[in-house]
Amino acid sequence: MSEEMEPMEDNQNEEMEDDSEEESSEEDDSMDEEENEAEDTEPKKVFLPGNTMETGEELVVDESAYRILHQAQTGAPCLSFDIIKDALGDSRESYPLTMYLLAGTQAPRAHVNNLLVMKMSNLHGTKVKEDSDEESSDSEDEDNTKSPVMNVASMKHQGCINRVRCTQMGDTTVAASWSELGRVSLWDLNEQLKALENPSLLSAYKKKCEKSENAVKPIFTFKGHLSEGYGLDWCPTETGTLASGDCKGNIHIWRYADSGGNPSWNVDQRPYSSHAPHSVEDLQWSPNERHVLASCSVDKSIKIWDTRASPQSACMLTATDAHSADVNVISWNKKETQFLVSGGDDGAIRVWDLRQFNADGASPVATFKQHTAPVTTVEWHPQEATVFASGGADDQITQWDLSVEADQSEEKEDEDVAKLPPQLLFIHQGQTDVKELHWHPQCPGTVVSTALSGFNIFRTISV
């Protein structure tokens, strides 16, 4: 894949609203003014996944439902990405926004994959068009100054990248990447982040990387997994501690060691293998207990581990048959740490209270079946304890709030909308085969998502 990236542009392809038009056999190509006015006043319908469009109907985005909405392309699609914490401050709600991402490509040929360190800037909020006879004479110049910008510093990577996760270790940003070749590698991203802040440095970096002998190399690589994998997570409460899980059901724990100024990682060669031989699909460290790890698997279970114990006795709690099919993803609530949310191949989203896990298993405290295909990503909001988002192979991203209760007195005109669970706040569409989403921890309510069709950056009016 070339290091040059396609520019970002405002998202014009979201499928949120169904703009219905009736066709008439007597309709002429040139409609008069009265017909145009009548069409403009025709009520619009909300398009829900699973519905079918009639001839002449068109899906258009309702920009009034978004505070910010952009899309970006990276050439080869990215199955996984992570948000890099920056020094621009927390709780940023004024536009334009700037953010930094780490992503890994899934190119058709294994040897042309890259880790991408991206800076997205000049991300302006949506501007709802108002009916007015006044038009700004410099509107074209305004559009140019509001165009979003994306700069990329890439690193060649052996094999397609199944998952990437990054962490801060002092002043250094460290990334972990899971390769389809069965290796997990660690990378120092400081050079790339520095290059993104200066056009001349970025140009020099790209020129340097054109020569194969100058290719950036990982700072550490573990080759002890028996196969490729997807489970990967940095511990938020213990610097340098990492968990990686593979498709053979083995989980390895990494710990950072600094001996005499020579940083390295010690990887326990004894795997936690209670899921074996079934694939470990996702891993999540506890937000507040540095020795506690959660995992989910193709074996349909969710397990909680105490990493202080030996691998044979480390599994503390298990929810067997947590889903009726593979459990693909889990997320640990950062505010109310007794709760997990999971998503599976059965299209279900389930919320779990860890206090209800016992020797006989566990039952979810809530189950939602909005998705019509496998759920591929789920994540709790970093600041709102009752809010989470999910995405799936059905091209939907949904936002949920568990604190919302049904209002029996409220009447909804649209029968399909009335059938939706009251906890469902928003359905975002327009991407093909959603792979992963993350809430930006420093930009409240802002979601970044990746799919086969590229990236979306958006914030809805609901969160």
Side-chain angles (χ1 to χ4, degrees), residues 5-17 60-74 81-103 116-132 134-152 193 196-199 202 379 381-384 387-389 391 397-399 401 425-431 436-451 453-463:
M5 314 298 289
E6 297 180 20
M8 294 179 65
E9 59 187 27
D10 289 341
N11 192 338
Q12 302 295 329
N13 299 317
E14 300 302 327
E15 301 179 357
M16 289 296 299
E17 190 174 69
V60 294
V61 64
D62 180 2
E63 291 193 0
S64 66
Y66 292 88
R67 301 186 192 187
I68 187 171
L69 180 60
H70 295 281
Q71 70 173 359
Q73 301 291 335
T74 55
F81 77 100
D82 204 2
I83 295 173
I84 300 173
K85 187 172 174 59
D86 57 55
L88 301 178
D90 296 332
S91 302
R92 306 198 299 265
E93 298 197 60
S94 57
Y95 300 115
L97 293 176
T98 296
M99 61 182 63
Y100 299 81
L101 306 180
L102 166 72
L116 309 175
V117 183
M118 301 182 282
K119 178 183 180 181
M120 297 181 179
S121 56
N122 212 34
L123 300 173
H124 282 267
T126 56
K127 184 178 180 181
V128 180
K129 297 178 181 178
E130 298 178 356
D131 294 332
S132 173
E134 297 180 3
E135 291 185 5
S136 174
S137 59
D138 57 351
S139 60
E140 189 172 329
D141 293 335
E142 253 183 42
D143 288 342
N144 291 333
T145 60
K146 289 188 175 182
S147 295
V149 177
M150 181 168 72
N151 292 314
V152 181
L193 290 169
L196 290 175
E197 299 307 306
N198 186 304
L202 183 58
E379 188 170 281
H381 191 292
Q383 289 90 27
E384 301 291 338
V387 175
F388 67 87
I397 290 177
T398 54
Q399 293 181 340
D401 187 347
L425 299 180
F426 200 93
I427 301 174
H428 172 82
Q429 298 177 85
Q431 289 179 282
E436 193 167 284
L437 68 82
H438 296 295
W439 298 92
H440 197 296
Q442 297 171 277
C443 303
T446 302
V447 173
V448 185
S449 57
T450 186
S453 54
F455 284 88
N456 274 195
I457 303 95
F458 64 93
R459 183 181 182 183
T460 72
I461 59 173
S462 301
V463 180

Over all heavy atoms of both residues, which pair between [X] and [Y] is shortest? Give the atoms and the distance, please.
X    : Y    : value
L425 : D401 : CD1-CB, 3.6 Å
L437 : G391 : CD2-N, 3.9 Å
S453 : Q431 : OG-CA, 3.4 Å
H381 : G445 : NE2-N, 3.8 Å
Q383 : P441 : NE2-O, 3.1 Å
F426 : Y66  : CE2-OH, 3.5 Å

Are the side chain of E93 and the backbone of P444 linked by a donor-acceptor contact shorter than 3.5 Å?
-> no
For N456 and S449, indicate whether the former's side chain and the latter's backbone hold a donor-acceptor pair under 3.5 Å.
-> no
Before giving the answer on side-chain contact (heavy atoms from CB on, under 4.5 Å), spell out for Q442 and D86 the whole-Å C-alpha distance, their side-chain angles and the decisive distance to 0.1 Å.
-> CA-CA 8 Å; Q442 297 171 277; D86 57 55; 3.3 Å; yes
If I take atom [atom1] from residue [X] and atom [atom2] from residue [Y], how far apart are they, to the nearest 0.5 angstrom?
X    : Y    : atom1 : atom2 : value
E197 : L202 : CD    : CG    : 10.0 Å
L116 : T74  : CG    : OG1   : 6.0 Å
I68  : I457 : CD1   : CD1   : 7.5 Å
E63  : T126 : CD    : OG1   : 6.0 Å
H70  : H124 : NE2   : NE2   : 7.5 Å

Is the shortest heavy-atom distance from the side chain of [X] to the side chain of [Y] under 4.5 Å?
X    : Y    : value
I83  : M99  : no
H440 : L97  : no
T460 : H428 : no
Y95  : R67  : yes

side-chain hydrogen bond (donor to acceptor under 3.5 Å, both in side chains) against E384, all qualifying residues, sequence neighbours excluded =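 Applying side-chain hydrogen bond (donor to acceptor under 3.5 Å, both in side chains) to E384 gives none.
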Report the residues that fulfil side-chain hydrogen bond (donor to acceptor under 3.5 Å, both in side chains) with T398, sequence neighbours left out, ordered by chain and then residue number.
-> H371, S390, W400
Under the ring-ring contact (aromatic ring centres under 6.0 Å, His included) test, residues paired with F81 that sit two or more places apart | H438, F455
Side chain to side chain contact (heavy atoms under 4.5 Å, CB included) test vs Q399 passes for just one of V447, I427, V387, namely V447
